[in-house]
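In what follows, chains are A, B, ... by sequence order, proteins preceding strands, each numbered from 1.
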Protein chains: 2
Amino acid sequence: MANSVWIIEDVALYQETLQEVINEEPDLTCKSVFDNWEDAHSLLQSLPEDAPDVILLDIGLKGKSGVEGVASLKSAAPDSRIIMFTVYEENEKIFEAICNGASGYLLKTSTGDEIISSIKNVLTGGGPMSPVIAGKVLSMFSQIAPVRENYMLSVREKEVLKELVDGMTKKEISEKLFISYHTVDSHIRNIYDKLHVNSKSEAVAKAVKERLL
Amino acid sequence: MANSVWIIEDVALYQETLQEVINEEPDLTCKSVFDNWEDAHSLLQSLPEDAPDVILLDIGLKGKSGVEGVASLKSAAPDSRIIMFTVYEENEKIFEAICNGASGYLLKTSTGDEIISSIKNVLTGGGPMSPVIAGKVLSMFSQIAPVRENYMLSVREKEVLKELVDGMTKKEISEKLFISYHTVDSHIRNIYDKLHVNSKSEAVAKAVKERLL
DNA sequence: TTCAGATTCCCGTGTTTACGGGATAGTTTG
DNA sequence: CAAACTATCCCGTAAACACGGGAATCTGAA
């Protein structure tokens, strides 16, 4: 049986063209087209079994942004795979959409063929992205995960640092680890030395940012 | 002028085939082939101006793993773009390679055409990935991505929080923002309320973890 | 126009931190 | 074995912090 596709797009021209392109494909059908995701969402809630395999979602809709729609549609139809379809290239939008569970991200400059192959691709567990987007995703990734420097923290120091990150005071840590306040203080001083900081918050910021735990 | 490509690959068969495919392309040339990244790295260090535009790097080399090579090659030739070339699909390898600065990630099942278009792609700032990889990258992303709650921080509060994350004291913040110590104190109290914390480090940890800036 | 929120400012008190000094005991390692 | 490192403990002080009280503007929405 052909896989079902929904289109959520508020530009009439795009709606038609997309639907035609998809329906020309023997193993894809597109019966439902929406111009806002709220409608799609309510339909999904009343008839969850009609959830499509793939949803093409325009990110730049009038009214409520498409990005918000991702999470909402995902919760109503967790098994439908969502491909964002957009003119935007801003990191923030891409990031949000992906975090909300989008499975692919295409630019509107994509050709019909590209769109079709992306749809098929997403059905087999792939994550189709326009190359430009893919590049941005990669660079975001390396931003998120900075070079993990080795500060040579001892096991005990890491334990203490972990508690610091969890917001514990020195006193609380000393109680939790069954050591004296002074010992904790001493460990923290050594941590400061090794991380080149001089306050709890700096240590915490560095630990979280650089994933030292 | 044709763009230069290096191949780092320890299977002779792949070496040859790859080189041929690339050299058939009019605007690509591959003159250098290595079977380990250390050699490539030392060549880059002695002749940095010979750095290629693109490096195809096999991840599963004998001896030192290709993943380590990424960082090393990147530091010797920051402007060369590295495409990982591999049979591995493990999340951890992909993750590491990307974090270390790889610009693309291809499976060895890729066809010659795909490889060529990926090379061209990476030259224009894209991030070519096999669809399977792209899918994994996206799912890794949404795993990492925290639920971004909206704590309704005001503009000013965000400014103050940002400084906190940078390790500033209340006094320093007051001087930087040209407001009194008491005002900063007041903002911080409101931030604590909204974030449901009661210390600087907790606020910092939450801000960094949940990317509130 | 009232009312909520944001932004600004102030006092005081008890707690916590940062850091200057130390010391002792156990482990690993060249 | 001695040096280096780790983990533990102690004192004291000045600074920074958390939080209890306030209060005066200003802005924008109901």
Side-chain angles (χ1 to χ4, degrees), chain A residues 38 62-65 68 92 148-213, chain B residues 147-213:
Chain A
E38 287 92 337
K62 288 187 276 288
K64 284 209 160 183
S65 143
E68 300 167 51
E92 190 52 27
R148 249 206 266 191
E149 229 172 298
N150 187 10
Y151 296 101
M152 304 287 279
L153 292 176
S154 75
V155 178
R156 201 52 161 172
E157 284 159 0
K158 271 185 205 159
E159 279 175 46
V160 173
L161 183 54
K162 204 192 148 312
E163 302 303 331
L164 281 185
V165 168
D166 286 347
M168 309 278 256
T169 67
K170 295 182 187 177
K171 203 175 120 204
E172 289 167 336
I173 296 175
S174 76
E175 281 157 11
K176 183 162 181 190
L177 300 184
F178 304 108
I179 52 182
S180 97
Y181 172 88
H182 304 290
T183 307
V184 177
D185 182 69
S186 169
H187 285 309
I188 290 182
R189 290 186 204 201
N190 292 331
I191 293 171
Y192 287 179
D193 275 352
K194 293 183 182 176
L195 299 192
H196 310 299
V197 299
N198 44 27
S199 77
K200 247 174 49 167
S201 354
E202 282 181 284
V204 167
K206 202 154 190 168
V208 178
K209 277 185 195 159
E210 310 193 11
R211 293 189 170 56
L212 300 179
L213 322 175
Chain B
V147 253
R148 246 208 272 193
E149 230 173 298
N150 187 11
Y151 296 101
M152 304 286 279
L153 292 177
S154 75
V155 177
R156 201 53 160 172
E157 283 158 2
K158 271 185 204 159
E159 280 176 45
V160 173
L161 183 54
K162 203 192 149 314
E163 302 303 330
L164 281 186
V165 169
D166 286 347
M168 310 278 257
T169 66
K170 294 182 187 178
K171 203 174 121 205
E172 287 167 337
I173 296 174
S174 76
E175 282 157 10
K176 184 162 181 191
L177 299 184
F178 304 108
I179 53 182
S180 98
Y181 173 87
H182 304 290
T183 306
V184 177
D185 182 69
S186 167
H187 285 311
I188 290 182
R189 290 186 204 200
N190 292 330
I191 293 171
Y192 288 178
D193 276 352
K194 293 183 181 176
L195 299 192
H196 310 300
V197 299
N198 43 29
S199 78
K200 246 173 53 166
S201 353
E202 283 182 284
V204 167
K206 202 152 191 169
V208 178
K209 277 186 195 159
E210 310 195 10
R211 296 193 171 60
L212 300 179
L213 321 174

Classify the nucleic acid contact of B:Lys170 as base, sugar-phosphate or nothing, counting any heavy atom under 4.0 Å across all strands shown. base
Just checking A:Asp185: base, sugar-phosphate only, or nothing, at a heavy-atom cut-off of under 4.0 Å? base
Among C:dT7, C:dT16, C:dA18, the one nearest A:Ile188 by side-chain distance: C:dA18
Base of D:dG20, side chain of B:Arg189 - is there a donor-acceptor contact under 3.5 Å? yes
A:Met168 CE to D:dC17 P: how many Å, rounded? 21 Å
Given the options A:His187, A:Arg189, A:His182, A:Asp185 meets side-chain hydrogen bond (donor to acceptor under 3.5 Å, both in side chains) only with A:Arg189
Could you work out which one of C:dC19, D:dT8, D:dC17 sits closest to the side chain of A:Asn198? C:dC19
CD of B:Glu159 versus C1' of C:dT8: gap in Å, rounded? 14 Å
Report yes or no: does B:Glu202 contribute a side-chain atom to a donor-acceptor pair with the main-chain N or O of B:Asn198 at less than 3.5 Å? yes
Show your working on side chain to side chain donor-acceptor pair (under 3.5 Å) between A:Tyr151 and A:Glu157 and close with a plain yes or no. CA-CA 11 Å; A:Tyr151 296 101; A:Glu157 284 159 0; over 6 Å; no
Quick one: is A:Lys194 getting a side-chain N or O under 4.0 Å of the D:dC5 phosphate, OP1 or OP2? no
Take the protein atom NZ of A:Lys200 and the nucleotide atom C1' of D:dA16, then report the distance between them rounded to whole Å. 12 Å
Over how many whole Å does the gap from B:His182 atom NE2 to D:dG22 atom C1' extend? 12 Å
Hey, is the main chain of A:Lys200 close enough, under 3.5 Å, to the side chain of B:Lys200 for a donor-acceptor pair? no
On a heavy-atom basis, which atom in B:Ala203 and which in B:Tyr192 lie closest, and how many Å separate them? CB-CE2, 3.9 Å
Expressed as a whole number of angstroms, how long is the span from B:Glu175:CD to C:dT8:P? 16 Å
What nucleotide among C:dT7, D:dA7, C:dA18 has an atom nearest to a side-chain atom of A:Ser154? D:dA7
Check the distance between D:dT6's C1' and A:Ile191's CD1 and give it to me in whole angstrom. 13 Å
What's the angle between the local helix axes at either end of the helix from C:dT1-D:dA30 to C:dG30-D:dC1, using five pairs per end and rounding to 10 degrees? 60°
Is a side-chain donor or acceptor of A:Lys206 paired with a backbone partner of A:Val197 at a separation under 3.5 angstrom? no
What does B:Ser186 touch in the nucleic acid at a heavy-atom separation under 4.0 angstrom: a base, only the sugar-phosphate, or nothing? base
Quick one: closest heavy-atom pair of A:Val208 and B:Lys209, and the distance? CG1-CG, 3.7 Å
Classify the nucleic acid contact of A:Tyr192 as base, sugar-phosphate or nothing, counting any heavy atom under 4.0 Å across all strands shown. sugar-phosphate
Among D:dA18, D:dA7, C:dT7, which nucleotide has an atom closest to any side-chain atom of B:His187? C:dT7
Reckon B:Thr183 touches a base, only the sugar-phosphate, or nothing at all at heavy-atom distances under 4.0 Å? base
Can you tell me how far C1' of C:dT17 sits from CG of A:Leu164, to the nearest Å? 11 Å
Under 4.0 Å between a side-chain N or O of B:Ser180 and OP1 or OP2 of C:dC10? yes
Between C:dT7 atom C1' and B:Lys158 atom NZ, what is the distance in whole Å? 16 Å
Please tell me which of A:Ser199 and B:Met152 maps to the more 5' nucleotide of DNA chain C, matching each residue to the nucleotide holding its nearest heavy atom. B:Met152
Give a yes or no on whether a salt bridge exists between A:Asp166 and A:Lys162, defined as a side-chain N under 4.0 angstrom from a carboxylate O. yes
